[in-house]
Amino acid sequence: MLLLKDIRRDPQQVKAALARRGYAPVSRVDEIMEMDARRRRLQQQRDELLNQSKKMAAEVGRLFKQGEREAADKARAEAAALKESVKTVEQQLAEVEAALDTLLLDLPNIPHPSVPDGQGEADNVVVRTHEAPVRASAPVPHWEVAQALGIIDFERGAKITGAGFPLYRKGGARLQRALINFFLSEAIAAGFEEVWPPYLVNEASARGTGQLPDKDDQMYYVCKDNLYLIPTAEVPVTNIYRNEILPGERLPYKLTAYSPCFRREAGSYGQEVRGLNRVHQFDKVEIVVISRPEQSYEILEEMTAHGERLLQQLGLPYRVVSLCAGDLGTASAKTYDLEVFAAGQQRWLEVSSVSNFETFQSARLKLRYRDDAGRPQLVHTLNGSALALPRIVAALLENNFNGEKVLLPEVLHPFYGQPFLQ
RNA sequence: GGAGAGGUGGCCGAGUGGUCGAAGGCGCACGCCUGGAGAGCGUGUACUCGGUGAAAGCCGGGUCGAGGGUUCGAAUCCCUCCCUCUCCGCCA
């Protein structure tokens, strides 16, 4: 959520920044300004009326105490009349505030100046590419490798639940566990606190990180209890400190969590969803940082570098992509995607997305810190995958299958228990 | 799921219709005191919206789990919801 005071300070700049994203109804900004002016006028009216009414109420009390019944009754009648006008103004105010809120919630974040121009995926900028040897004897897509080894049972997963709910078996199951442990160990070594969060969240949490209102189609919803299955650990973890004021000297807070992720992925089809490319339930280790504003961009780079180190250790070829303004997620001010090269499909697959949300989430979350002067200020929030499993598994299978078994990278040996998967 | 008891400031805790944003204590900060520390003494110590101001501040509104309601006036009374605790039920 953008801050009213920022919009008020320079609406033209906000409009220009939103236009850079391809946000079409830029005139919303004008509507917001107008609505805000109305809101402030109404509040002044209401405050004035309430002030009078409070004074009147005190007067009534005083008169009663002094036993001046008649005067008290008269004052009481006046106060009652005053209250009617308060009600009218208050109702208008509530309407304006609700409308303003809706408008404000609709605005996406402002892209950081360093974010490249562009309208969509095609305009994203490859920042750097990391080479790594492909050991596969022939280009075989991972679903064929998985079938040959009997380690992912897509059909029975579909029977149990539906398409996009893979059933991992034998070495496939064990590899999940190994990767999760490896990623968590690395995150802990990098100074992240491990947390194990709830996988269902309430409405306030979903709103806090920006899944609601705009992405509610992407979440599984448990209507009986009004809870959402998390699409990423970002949601529960970033919400840990919702509505809190953190001691400034303790920042940054660096948190990591493993969680399953549940996504409806409405509207996906074709090659996009083949095998593990896009599934409804997958596993991921997430890193989340709550930082002081002045540090957040430095931290964004560090988090990206952390993801890269994991890929380097896994021996996977990858590239770092800076998302252009038009491809940025609603809440993000800047995002780097990490993409691995999957030799079997000859495709780049996104395995991580590292974003700085600046105050977009913290404004909704009311997540603040006390600055050096002792004043509450909004924090910057960041998160990134480190890493998402399915496409890592896909790349490992496609890049390291020698026709008989999958040669695992050395870092996984202690976690997996042996050097190859067969 | 059923019955009961509760939710007040960073923490403890008083407050059951009127000057209560809230006694008292603890903690914390600053000052005095001290060779230094402690004790002691003094002062200060929530968040938010609006107005005004260069700013410090000042003025006004709101907030005592959340949201509604009654009343001239609500932390205090009523309703709904959430959470915590105790007992029962169920259960990995």
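Letters A, B, ... are given to chains in the order of the sequence lines, protein chains preceding strands, and every chain is numbered from 1. Worth saying up front: this structure is predicted, and the values here are computed from it rather than measured.
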Checklist outcome for this item: Each nucleotide of nucleotides 47-58 of chain B classed B (base within 4.0 Å of a protein heavy atom), S (only sugar-phosphate) or -, in 5' to 3' order, makes SSBSS----S--
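- The pairing partner recorded for B/U71 is none, the criterion being a Watson-Crick or G-U wobble arrangement whose two distances lie under 3.5 angstrom.
- Stacking of A/Arg263 on the aromatic ring of A/Phe282 is not recorded, the 6.0 Å distance cut-off and the 45° axial limit not both being met.
- Taking the P atom of each, B/A22 and B/G61 are spaced 13 Å apart, rounded to whole Å.
- The distance between the ring centers of A/His280 and A/Phe262 does not fall below 6.0 angstrom.
- In terms of phosphate contacts, A/Asn51 brings a side-chain nitrogen or oxygen within less than 4.0 Å of OP1 or OP2 of B/G61.
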Next on the checklist: Would A/Arg207 and A/Leu105 count as a side chain to side chain contact (heavy atoms under 4.5 Å, CB included) here? Give the steps.
Outcome noted: CA-CA 10 Å; A/Arg207 194 170 295 278; A/Leu105 237 32; 4.0 Å; yes
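- The nucleotide B/A22 finds no pairing partner, because no Watson-Crick or G-U wobble arrangement with both distances shorter than 3.5 Å includes it.
- Taking atom P in both B/G68 and B/C59, one finds a spacing of 29 Å when rounded to whole Å.
- For the pair A/Leu49 CG and B/G62 P, the computed distance is 12 Å after rounding to whole Å.
- Nucleotides B/C41 and B/C33 have their C1' atoms positioned 8 Å apart, rounded to a whole Å.
- Rounded to an integer number of Å, the gap from A/Arg242 CZ to B/G65 P is 18 Å.
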Checklist entry - Are A/Asp47 and A/Lys54 close enough, and set up right, to give a salt bridge (charged side-chain N to carboxylate O under 4.0 Å, His left out), and what steps lead you there? => result CA-CA 10 Å; A/Asp47 288 356; A/Lys54 273 178 93 164; over 6 Å; no
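- One interatomic measurement links the two molecules: CG of A/Leu42 to P of B/G61, which rounds to 18 Å at whole-angstrom precision.
- Rounded to whole Å, the C1' atom of B/C49 lies 35 Å from the corresponding atom of B/G42.
- Rounded to the nearest 0.5 angstrom, A/Leu2 CG and A/Leu107 CG are separated by 5.0 Å.
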N/O contacts under 3.5 Å, protein versus nucleotides 68-78 of chain B?
none

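- Side chains of A/Thr359 and A/Ser362: a donor-acceptor N/O pair is absent below 3.5 angstrom, by distance only.
- The aromatic rings of A/Phe192 and A/His306 sit tilted relative to each other, their planes meeting at an angle between 30° and 60°.
- Comparing B/G65 with B/G21, their P atoms sit 15 Å apart, to the nearest whole Å.
- Across A/Arg38 and A/Val96, no two heavy atoms sit closer than the pair NH2-CG2, 3.7 Å.
- Proximity of the aromatic rings of A/Trp196 and A/Tyr258 is defined here by a centroid distance below 6.0 angstrom, and this criterion is met.
- Between the P atoms of B/A74 and B/C32, the separation comes to 45 Å (whole Å).
- For the C1' atoms, the distance from B/C72 to B/A66 is 26 Å, rounded to whole Å.
- Pair check for B/C87 finds B/G2; Watson-Crick or G-U wobble, both atom distances under 3.5 Å.
- Base-pair partner of B/G57: B/U52 (Watson-Crick or G-U wobble, both distances under 3.5 Å).
- Using Watson-Crick or G-U wobble geometry with both donor-acceptor distances under 3.5 Å, B/G42 finds its partner in B/C30.
- Rounded to an integer number of Å, the gap from NZ of A/Lys54 to P of B/G60 is 9 Å.
- With A/Val340 as the partner, the side chain to side chain contact (heavy atoms under 4.5 Å, CB included) test is satisfied by one option alone out of A/Leu314, A/Asn399, A/Leu387, A/Leu316: A/Leu316.
- A/Asn243 has its CG atom 16 Å from the P atom of B/C83, to the nearest Å.
- Nucleotide B/U80 forms a pair with B/A66, judged by Watson-Crick or G-U wobble geometry with both contacts under 3.5 Å.
- The same atom, P, is picked in B/G6 and in B/C78; the two are 12 Å apart, to the nearest Å.
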